[in-house]
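Everything on this sheet refers to the single structure shown next.
Just so we're on the same page: letters track the sequence lines, and every chain starts at 1.
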Amino acid sequence: MRLSQSLIPTLKETPAEAQIASHRLMLRAGLVRQMSSGIYAWLPAGLRVLARIEQIVREEQNAAGAQELLMPTIQSADLWRESGRYDAYGKEMLRITDRHDRELLFGPTNEEMITAILRDTTKSYRDLPQIPYHIQWKFRDEVRPRFGVLRGREFLMKDAYSFDLDYESALLSYKKMMLAYMRTFQRIGITAIPMRADTGQIGGDLSHEFHILAPTGESGVFYDADFKAGNALSVKYDEAALNQFYQSVTTKYAATDEKHDTEIWATIPDARKREGRGIEVGQIFYFGKKYSESMNYSVIGPDGGKIFPEMGSYGIGVSRLVGAIIEAQHDDAGIIWPDAIAPFRTAILNLRQGDGACDAICESLHAEFGDDCLYDNREERAGAKFAEADLMGHPWQIIVGPRGAAKGEVELKRRASAERFELPVAQAVAMVRG
RNA sequence: CGGGGCGUGGCGCAGCCUGGUAGCGCGCUUGUUUUGGGUACAAGAGGCCCCCGGUUCGAAUCCGGGCGCCCCGACCA
């Protein structure tokens, strides 16, 4: 992509409404534009990031045995009356009336709908377990949207739902999602710590929230420095490995301030105590038969009796992740994208547009990397190009200036470490390809 | 939902108190200049001053109502 022809409206100055770094940088780097309070348009560069995160999430859900489908954004009020949540949900639910005065709503979540679908389509114990999921826009009419996409009203979420015949099996589904989430965050290139979201009854409801550490996070978090995410990508989806992995990521103390237990906290050596702020980017939840029973969803068991499935739900805030990652990974100059989700892996900076050697090298690099690079071919000063590349946060910058171009060399800059290498073109290409 | 603030070219703001028909910086267009960290000069384009109503000879400015947006708090993927 040539920057001169792109729709990436970067800003030199910060819009007044943006208070925190990620919001400021998302606007300045031309990723999003606000269309209404808590509602954003995703511009080309922002959409690319969103799509990359979405794809990693999708691949890891599939790897865990979950199956993708797509449910609508608009739902019927009647469906929600079955579970009793239509009245219980309150003003956060955006209620809509159609031309026939039918009551509809813009879905804030999909437990009712997925339960209705499974109720219609699975009749026998042989049809379970199932973990359907979708990646779809949700709407929650937040009282006070803020922090850009971190607390929007409209947001993109991956939500999965597990249906199992018994508790043991449901717990296994829960552990599969735990692994899928840790693999997902690892591939994205961030550290997210699973934190107990329920202090409660042993054997009862079970839930973990996944937090990215960032000073501007909305939740206070407490955790044991001994927590190790480990290499989730090497863990297999068999029962023994899942149990071991689950054990390894959930035994060390980690809790948000809401669930903080000062008694347990006191037993941890001071040197290992860590307090900070976190941004919640995911949550997994086991809730048993709450919906299968209230919505009368059962399958026939081997003995001919009814089995009400044990359920769980599993969310990842895909659009929120974009903001959360920036919040965790930026500096004064701009965004520092992890390689896996950067809108463009490489930027080509032509410092002397119109110079024969510079133009030729840039054109060949552009052809080499194709869609995965952004070629700054504008008639701008070097300084402007450096500043914009740093702002946009491309993992690699290939700087092509007349000094090196004459020798067939370019300068390669790594955004994260600010390391610079002066290399022949072919070596620079090899290094970027890694 | 309580408390506070703001709405003036694309962005950041001044002007409002003390009414006289809009200004600055950045950005944009054209030309010259500069050429490794947001260059300098010149000439331009671009504004229903959030909306509606009122006061007045005259309203961005004063008054009333509405809408929108932001911040702090309580609530949430």
Side-chain angles (χ1 to χ4, degrees), chain A residues 7 9-20 23-24 27-28 30 33-40 57 89-93 107-111 135-160 181 192 197 207-212 217-219 256 258 278-285 313-324 332-334 349-355 358 376 378-392 397-405 409-411 413 418 420 422:
Chain A
L7 186 61
T10 56
L11 301 172
K12 213 164 165 178
E13 291 177 272
T14 304
E17 73 270 17
Q19 295 299 312
I20 65 167
H23 190 196
R24 216 162 51 223
L27 292 169
R28 286 196 55 212
R33 280 291 164 101
Q34 182 175 331
M35 295 292 105
S36 186
S37 177
I39 299 176
Y40 292 83
V57 168
Y89 212 91
K91 294 195 170 175
E92 272 198 8
M93 180 188 283
T109 180
N110 286 67
E111 280 84 4
I135 301 171
Q136 177 64 290
W137 292 91
K138 307 290 189 291
F139 196 94
R140 293 184 192 174
D141 200 0
E142 295 281 344
V143 257
R144 192 183 156 214
R146 61 187 130 170
F147 306 144
V149 300
L150 290 179
R151 179 155 304 284
R153 292 194 291 172
E154 188 182 54
F155 58 96
L156 186 62
M157 182 165 102
K158 184 284 300 178
D159 40 322
Y181 278 37
S207 180
H208 286 88
E209 290 179 357
F210 296 79
H211 284 261
I212 291 180
E218 289 194 78
S219 318
T256 62
E258 293 165 341
I279 302 171
E280 184 187 345
V281 293
Q283 179 164 22
I284 58 179
F285 210 99
S313 70
Y314 313 89
I316 291 180
V318 176
S319 50
R320 173 181 279 186
L321 262 171
V322 179
D332 289 344
L349 277 56
N350 190 343
L351 298 192
R352 184 76 61 84
Q353 208 69 39
D355 176 275
C358 289
D376 191 344
R378 299 170 305 160
E379 298 286 348
E380 282 287 348
R381 287 182 55 94
K385 296 193 177 190
F386 290 136
E388 287 219 354
D390 286 348
L391 172 64
M392 285 189 264
Q397 295 173 17
I398 305 179
I399 299 159
V400 183
R403 284 204 311 247
E409 289 191 349
V410 296
E411 182 179 328
K413 177 183 166 185
R420 293 159 182 276
E422 299 209 5

With heavy atoms under 4.0 Å as the rule, sort [X] into base, sugar-phosphate or nothing.
| X | result |
| --- | --- |
| A/S319 | nothing |
| A/R33 | nothing |
| A/K138 | nothing |
| A/A16 | sugar-phosphate |
| A/Q19 | sugar-phosphate |
| A/K413 | base |

Would you check if the side chain of A/Y181 reaches a backbone N or O of A/Y314 as a donor-acceptor pair within less than 3.5 Å?
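Here the side-chain-to-backbone pair exists.
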
Using modelled atom types and a 3.5 Å cut-off, is there a donor and acceptor pairing between side-chain atoms of A/S319 and backbone atoms of A/L156?
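Confirmed, A/S319 side chain pairs with A/L156 backbone.
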
Do A/Q397 and A/D390 have side-chain atoms, one donor and one acceptor, less than 3.5 Å apart?
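On atom types as modelled, these side chains qualify, holding a pair under 3.5 Å.
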
Counting just side-chain N and O atoms, does [X] come under 4.0 Å of either OP1 or OP2 of [N]?
| X | N | result |
| --- | --- | --- |
| A/S37 | B/G68 | no |
| A/Q34 | B/C70 | yes |
| A/K385 | B/G36 | no |

Rounded to whole angstrom, note down the C1' distance from B/U30 over to B/G46.
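That atom pair is separated by 15 Å.
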
Which value, in whole Å, describes the distance between the C1' atoms of nucleotides B/C50 and B/A60?
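Rounded to whole Å, the distance is 12 Å.
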
For [N], what is the paired nucleotide under Watson-Crick or G-U wobble rules, both distances under 3.5 Å?
| N | answer |
| --- | --- |
| B/G46 | none |
| B/C57 | B/G20 |
| B/U34 | none |
| B/G2 | B/C72 |

Under the 3.5 Å rule, do the base of [N] and the side chain of [X] count as making a donor-acceptor pair?
| X | N | result |
| --- | --- | --- |
| A/E13 | B/G25 | yes |
| A/R420 | B/G37 | yes |
| A/R381 | B/U34 | yes |

Whole angstrom value for the distance that separates [atom2] of [N] from [atom1] of [X]:
| X | N | atom1 | atom2 | value |
| --- | --- | --- | --- | --- |
| A/R144 | B/G3 | CZ | P | 15 Å |
| A/I398 | B/G36 | CD1 | C1' | 17 Å |
| A/E17 | B/G12 | CD | C1' | 11 Å |

Cationic N near anionic O, under 4.0 Å, A/E411 to A/R420:
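A salt bridge is present here (some side-chain N lies under 4.0 Å from a carboxylate O).
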
